Amino acid sequence: MYKVMLVDDDYPVIELLSETIEWENLGLMLQSTHENGAAAFENALNEMPDLLITDIGMPKMNGIELTKVLKELNPHLQVVILSCHSEFEFAKQALRLQVQDYIVKDMFDPEDLCKVIKKIVDTLEKQKKKDVKQVQLQQLIDKNKNSIRERFIKKTINQVSVDEKEWLNEAESLGLQLDRTTYTASMAMVLDYNVEKERSLSEDILTFAIQNILSDIIKESKSKAVFFSIGAKEFILCFPDPLKRKKGSFDEKQECIKKIQHALNKYFNINISFMIGEGFSSFTELRHELILLQSAQHQRFYMPPGTIHKREVVQSENDDLFSKYDEAASDFRELMVVKDVGMITPIVTKWITFIEEKRFHPELVKEWMLKLLLDFKVKLQALQLFRSEYIVEGLHNKIISSNYLCELKGLLIDFFKLLLKRSEAAYSQTKRKEILDAIGYVSRNLEKRISLDEVSSYLFINQSYFSRLFKKEVGENFVEFVTKMKISRAKELLEQTTDSVGKICERLGYDNQSYFIKLFKTHVGVTPIEFRGGKVSAG
């Protein structure tokens with residue numbers, strides 16, 4: 001509905017108009033009424049009306065003055081003048097202000113005003129449709145421009161050779177004045193892309209929002225920078241360099257970049273990091289620099305959110321990340337046993353910090369994390385804490401597509417929060433507390449002897465009663481369950497450590513190595529040495 005403001009120092013007139021005109025039926029809402037122009041102006045500063053109906057002769061600020069100041073604030077404001085004055089001078093002033101109608105009170109009829117209002121509403125509706133079409137047209141133009149820019153930058157990266165003259169003409173049409181100045185290339189990267197994409201509902205909306213911010217900040221800063229999108233996750237910004245490099249020129253680029261980062265974070269909660277490359281002044285130099293920026297995946301992987309870094313070469317750590325797998329798995333296993341959600345972030349941070357300090361190759365980190373998550377899925381299903389429909393395929397895809405360590409940290413924290421939540425639900429719904437406490441005790445003490453008598457004493461339950469209860473709730477007797485858990489742990493140690501079979505046998509509380517090997521082969525189908533040698537892929 002359109003908003004109406006009534007202004008007249010003659011209160012009976014306001015009362016008459018308020019009560020006799022059916023505003024809602026006309027598609028209007030009576031926003032406010034005022035007895036002088038100054039009060040009306042103050043109210044309009046907070047809430048601008050679409051239609052102003054005002055008297056002329058009023059104290060503090062007359063109707064002509066009020067119309068003038070409000071028209072300056074809202075050029076599309078529709079105005080109807082009500083006045084006792086029929087003098088030509090007042091009518092002439094009203095015409096200069098482009099008011100929609102001028103009604104003399106001596107000849108006033110509410111029905112006449114209704115007819116005027118209906119015409120005004122029609123005008124507002126036409127203007128509204130026109131504005132919508134203009135916005136849609138501008139969005140279409142901007143989208144086409146951005147598509148042209150995207151095709152141009154992709155062609156520059158992917159084509160080894162082009163017609164230099166033709167390329168320079170196209171570059172100039174897009175804002176790159178390479179015949180007059182050199183540029184510095186930089187790459188903007190959207191962090192937490194999957195989260196932002198889900199929140200923004202579509203890739204197009206996310207991309208459009210970022211492009212608008214880039215365009216607005218560049219115009220606002222009066223920079224002649226030019227931006228290009230490479231898909232939705234990455235954008236290329238080219239900043240012009242002064243002909244004579246002066247101190248602080250890099251700071252000017254950083255200032256513009258920081259404004260972009262601040263605006264995207266403030267209005268859309270998007271974190272974006274920048275990698276600054278080198279200068280270019282030709283097709284060959286730009287192509288070379290873009291390829292280097294795109295291939296700097298190792299450096300990008302470790303860039304924190306909202307930062308600005310110069311492109312550099314990062315050397316991979318020679319240490320084997322998987323040599324620490326057993327220790328990490330132990331930390332997270334303890335987390336699941338203690339069930340303290342407050343431990344999640346510190347433990348995840350500990351291992352993410354370790355990875356960050358060592359700068360392992362990104363693909364190795366993803367492989368390490370996927371194994372950790374999949375192992376926990378299997379382990380918790382074996383403990384019967386999750387139903388079989390619980391899967392991690394969606395999470396698997398997110399890890400594979402992640403380009404930044406900070407994204408993986410968030411995924412890991414969310415994963416273990418979900419595990420604890422489901423574990424708590426399982427404890428409260430699927431099993432008796434005594435049985436779940438027994439399972440927890442076994443998980444914590446796998447690397448020592450565990451007897452039925454020991455656990456029943458720990459739970460303060462009669463041994464015979466506990467044995468029957470465990471069999472009923474779990475579906476297998478306690479000794480079988482412990483053996484299964486120990487064999488599962490043995491497989492982990494065989495895969496993740498270089499410990500001998502004898503040492504693993506000892507670690508798991510078995511005195512007789514031959515018995516352990518026989519037990520292992522019964523459950524897995526091969527001996528521990530054969531399992532470690534890769535003669536089976538699963539078991």
Side-chain angles (χ1 to χ4, degrees), residues 192 194-195 301-302 316-317 319-386 388 390-423 426 439-440 443-444 446-447 485-499 504 507 531-532 534 537-539:
D192 295 324
N194 289 319
V195 175
F301 183 74
Y302 289 97
S316 295
E317 175 61 47
D319 290 353
D320 183 9
L321 176 58
F322 278 91
S323 66
K324 293 287 186 178
Y325 183 87
D326 192 44
E327 184 182 343
S330 179
D331 281 352
F332 288 110
R333 192 180 302 111
E334 178 68 16
L335 166 67
M336 296 306 300
V337 170
V338 176
K339 294 180 176 61
D340 181 1
V341 71
M343 291 174 58
I344 295 176
T345 299
I347 291 176
V348 171
T349 300
K350 168 189 170 181
W351 287 103
I352 292 296
T353 301
F354 168 73
I355 291 169
E356 193 170 21
E357 288 172 352
K358 295 291 186 178
R359 296 284 174 123
F360 296 105
H361 193 280
E363 294 307 314
L364 180 66
V365 176
K366 292 181 186 181
E367 185 182 342
W368 183 86
M369 186 177 288
L370 281 171
K371 178 170 175 54
L372 185 71
L373 302 185
L374 291 171
D375 282 354
F376 265 86
K377 173 203 168 186
V378 173
K379 190 182 303 296
L380 291 167
Q381 283 181 328
L383 288 171
Q384 300 180 8
L385 289 177
F386 295 104
S388 59
Y390 176 67
I391 56 175
V392 293
E393 278 77 4
L395 184 61
H396 176 278
N397 293 333
K398 286 182 179 179
I399 290 175
I400 293 299
S401 63
S402 292
N403 294 318
Y404 307 96
L405 184 62
C406 60
E407 290 182 343
L408 296 182
K409 179 180 179 180
L411 289 172
L412 204 58
I413 289 172
D414 290 343
F415 176 79
F416 281 103
K417 283 182 178 179
L418 177 61
L419 288 193
L420 280 187
K421 183 178 179 181
R422 293 194 174 218
S423 176
I439 291 173
S443 297
R444 290 193 300 273
L446 277 176
E447 297 188 7
M485 295 299 294
K486 282 181 176 287
I487 295 299
S488 177
R489 179 64 177 143
K491 288 163 65 179
E492 287 181 357
L493 294 172
L494 287 165
E495 286 182 323
Q496 300 155 17
T497 73
T498 57
D499 291 350
I504 292 173
R507 278 184 66 172
F531 179 84
R532 174 173 274 170
S537 59

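Predicted, not measured: the structure shown is a model, and the values here were computed from it. Only this structure's heavy atoms are used, side chains among them; waters, hydrogens and symmetry mates stay out.
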Worksheet item: If every non-hydrogen atom of Leu411 is compared with every non-hydrogen atom of Ser402, which pair is closest and at what distance?
Response: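 Closest heavy-atom pair between Leu411 and Ser402: CD1-OG, 3.7 Å.
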Item to complete: Provide the closest heavy-atom pair for Val365 versus Leu321 in the form atom of the first, atom of the second, distance.
Response: CA-CD2, 4.0 Å
Worksheet entry | Verdict with supporting geometry, Arg532 and Ile504, side chain to side chain contact (heavy atoms under 4.5 Å, CB included) | CA-CA 12 Å; Arg532 174 173 274 170; Ile504 292 173; 3.9 Å; yes
Worksheet item: Phe354 vs Trp351 aromatic rings, parallel, tilted or perpendicular, using cut-offs 30° and 60°?
Response: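 Geometry flag for Trp351 against Phe354: perpendicular rings.
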Worksheet item: Parallel, tilted or perpendicular: which describes the rings of Phe332 and Phe416, with under 30° parallel and over 60° perpendicular?
Response: parallel
Worksheet item: Excluding sequence neighbours, so at least two apart, what forms side chain to side chain donor-acceptor pair (under 3.5 Å) with Lys350?
Response: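 Side chain to side chain donor-acceptor pair (under 3.5 Å) check on Lys350 returns Asp331.
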Practice prompt. Evaluate the side-chain proximity of Asp320 to Phe360: yes if any heavy-atom separation is below 4.5 Å, no if none is.
Written response: no
Discussion item. Between Phe301 and Arg359, is there a side-chain heavy-atom distance shorter than 4.5 Å?
Written reply: no
Rounded distance [0.5 Å steps], [atom1] in [X] versus [atom2] in [Y]:
X      : Y      : atom1 : atom2 : result
Leu412 : Lys417 : CG    : NZ    : 11.5 Å
Lys366 : His361 : NZ    : NE2   : 9.5 Å
Ile400 : Glu367 : CD1   : CD    : 9.0 Å
Ile352 : Leu405 : CD1   : CG    : 4.5 Å
Ile413 : Thr349 : CD1   : OG1   : 5.5 Å
Phe415 : Lys398 : CZ    : NZ    : 12.5 Å

Worksheet item: Under the criterion side chain to side chain contact (heavy atoms under 4.5 Å, CB included), which of Thr353, Asp414, Val348 is the partner of Lys409?
Response: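 The passing option is Val348.
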Item to complete: With sequence neighbours left out, write down each residue that passes ring pair (Phe, Tyr, Trp, His ring centres under 6.0 Å) with Tyr302, or none if nothing qualifies.
Response: His298
